[in-house]
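The structure appears right after this line, and notes come after that.
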Amino acid sequence: MPQYRTMQWVAKQNPWWRWPNGLLPIGNLGCGMWACVDCLTPKESVFVFDPNNLDENEAERDEAVVRWTNAFWHLKNSFQSWIEAWLDGEDMPEPSWPSASWLRKRLWPDDPAHVKVFLKS
């Protein structure tokens with residue numbers, strides 16, 4: 001999928017950013033935001049990627065890590081529940097930050113200290 005490759009490219013615009021493997025952008029939500037399915041979680045959780053507060057020129061590591069981490073929001077626990085709600089025309093719940101476990105396993109598997117930086121901010 002071209003958008004997945006684009007997101008991997010976007011993640012390389014700042015040395016502290018990393019696109020999670022298997023996080024597949026499936027729907028453009030407008031304003032640069034994307035609904036994404038985490039294909040590596042058991043129920044294929046749905047997340048929102050919102051890049052609007054990112055600064056690719058951010059040179060300070062902790063600030064870049066916080067901004068990048070804050071660009072990911074948990075929306076639904078499964079793709080099935082998300083698509084059914086969407087097809088039924090239901091309003092989506094407000095997204096929430098992903099769990100610390102998801103951040104450690106999926107967003108920062110090689111840099112778990114970044115999760116602490118985010119949680120302290």
Side-chain angles (χ1 to χ4, degrees):
M1 170 167 259
Q3 192 59 40
Y4 181 72
R5 285 189 286 276
T6 298
M7 294 304 197
Q8 290 176 319
W9 177 81
V10 166
K12 293 179 183 174
Q13 299 307 300
N14 184 292
W16 308 112
W17 297 351
R18 304 287 183 276
W19 187 259
N21 289 329
L23 188 64
L24 182 65
I26 60 166
N28 187 327
L29 302 174
C31 297
M33 297 184 305
W34 283 84
C36 304
V37 174
D38 189 342
C39 297
L40 300 182
T41 58
K43 293 184 179 181
E44 300 166 335
S45 299
V46 178
F47 292 83
V48 172
F49 174 67
D50 180 356
N52 289 300
N53 289 322
L54 296 177
D55 179 359
E56 66 188 35
N57 297 316
E58 179 64 60
E60 203 278 310
R61 180 194 70 138
D62 287 356
E63 185 64 25
V65 165
V66 167
R67 286 179 186 241
W68 183 253
T69 306
N70 196 43
F72 295 88
W73 294 85
H74 180 260
L75 188 59
K76 284 282 199 174
N77 287 331
S78 75
F79 175 74
Q80 180 177 344
S81 66
W82 178 78
I83 198 72
E84 286 173 354
W86 179 77
L87 289 170
D88 290 340
E90 294 177 19
D91 289 336
M92 289 294 147
E94 285 293 316
S96 60
W97 280 324
S99 69
S101 173
W102 186 87
L103 293 173
R104 272 191 298 277
K105 290 178 187 174
R106 302 291 295 115
L107 189 59
W108 300 113
D110 299 326
D111 299 302
H114 291 343
V115 176
K116 290 179 184 176
V117 168
F118 175 73
L119 293 175
K120 288 180 183 180
S121 69

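The stretch residues 45-54 participates, sequence neighbours left out, in these side-chain hydrogen bond (donor to acceptor under 3.5 Å, both in side chains) pairs: Asp50-Asn52. Applying the salt bridge (charged side-chain N to carboxylate O under 4.0 Å, His left out) test to every pair with at least one member in residues 33-46, sequence neighbours left out, gives these pairs: Asp38-Arg106. Listed by first and then second residue, the salt bridge (charged side-chain N to carboxylate O under 4.0 Å, His left out) pairs involving residues 18-27 amount to none (not counting sequence neighbours). Legend: side-chain hydrogen bond (donor to acceptor under 3.5 Å, both in side chains) pairs involving residues 107-121, not counting sequence neighbours, sorted by first then second residue: Thr69-Trp108. Annotation: salt bridge (charged side-chain N to carboxylate O under 4.0 Å, His left out) contacts involving residues 71-88, sequence neighbours excluded, are absent.
Counting non-hydrogen atoms of other residues, nucleotides and ligands closer than 6.0 Å to CD of Glu90 gives a total above 12. Counting heavy-atom neighbours within 6.0 Å of Glu60 CD, excluding the residue itself, gives a total above 12.
Across Asn28 and Met33, no two heavy atoms sit closer than the pair OD1-O, 3.5 Å. Residue Pro25 comes nearest to Cys36 through the heavy atom pair CA-SG, 3.8 Å, listed as atom of the first residue, atom of the second, then distance. Considering all non-hydrogen atoms of both residues, Pro51 and Gly32 come closest at CD-O, 3.2 Å. What you find for Leu119 and Ala100 is that their closest heavy atoms are CD1-CB, 4.1 Å.
Under the side chain to side chain donor-acceptor pair (under 3.5 Å) criterion, Asp91 pairs with no residue at all, not counting sequence neighbours. Not a single ring pair (Phe, Tyr, Trp, His ring centres under 6.0 Å) links Trp34 to another residue, sequence neighbours left out. Every residue two or more places apart in sequence or in another chain that forms a salt bridge (Lys or Arg N to Asp or Glu O under 4.0 Å) with Glu58 is listed here: Arg67. Contacts of Trp16 classified as ring pair (Phe, Tyr, Trp, His ring centres under 6.0 Å), with partners at least two apart in sequence or in another chain: none. Scanning for ring pair (Phe, Tyr, Trp, His ring centres under 6.0 Å) contacts around Phe49 gives Trp19, Trp68, Phe72, with sequence neighbours left out. Considering only residues two or more places apart in sequence or on other chains, Asp62 meets the side chain to side chain donor-acceptor pair (under 3.5 Å) condition with none of them.
For the atom pair CG of Asp55 and CD of Gln13, the computed distance is 12.0 Å after rounding to the nearest 0.5 Å. To the nearest 0.5 Å, atoms OG1 (Thr41) and CG (Asn77) are separated by 9.0 Å. The structure places CG of Asn14 at 8.5 Å from CG of Leu54, a figure rounded to the nearest 0.5 Å. Put simply, CG on Leu29 and CG on Leu75 are 8.0 Å apart, with the number rounded to the nearest 0.5 Å.
Without hydrogens or angle criteria, Glu63 side chain to Ala59 main chain gives no donor-acceptor distance under 3.5 Å. The backbone N or O of Asn21 sits nowhere less than 3.5 Å from a side-chain atom of Tyr4 that would complete a donor-acceptor pair.
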Any chance you could lay out the side-chain contact (heavy atoms from CB on, under 4.5 Å) test for Trp73 and Trp97, step after step, and finish with the verdict? CA-CA 5 Å; Trp73 294 85; Trp97 280 324; 3.4 Å; yes
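In this structure, Ile26 is a member of the same hydrophobic cluster as Leu87, with clusters built from ILVMFWY side-chain heavy atoms closer than 4.5 Å. Following chains of ILVMFWY side-chain contacts shorter than 4.5 Å, one cannot reach Val10 starting from Leu107, and the two form parts of different hydrophobic clusters.
Alongside Leu40, the hydrophobic cluster contains no other residue (criterion: ILVMFWY side chains under 4.5 Å).
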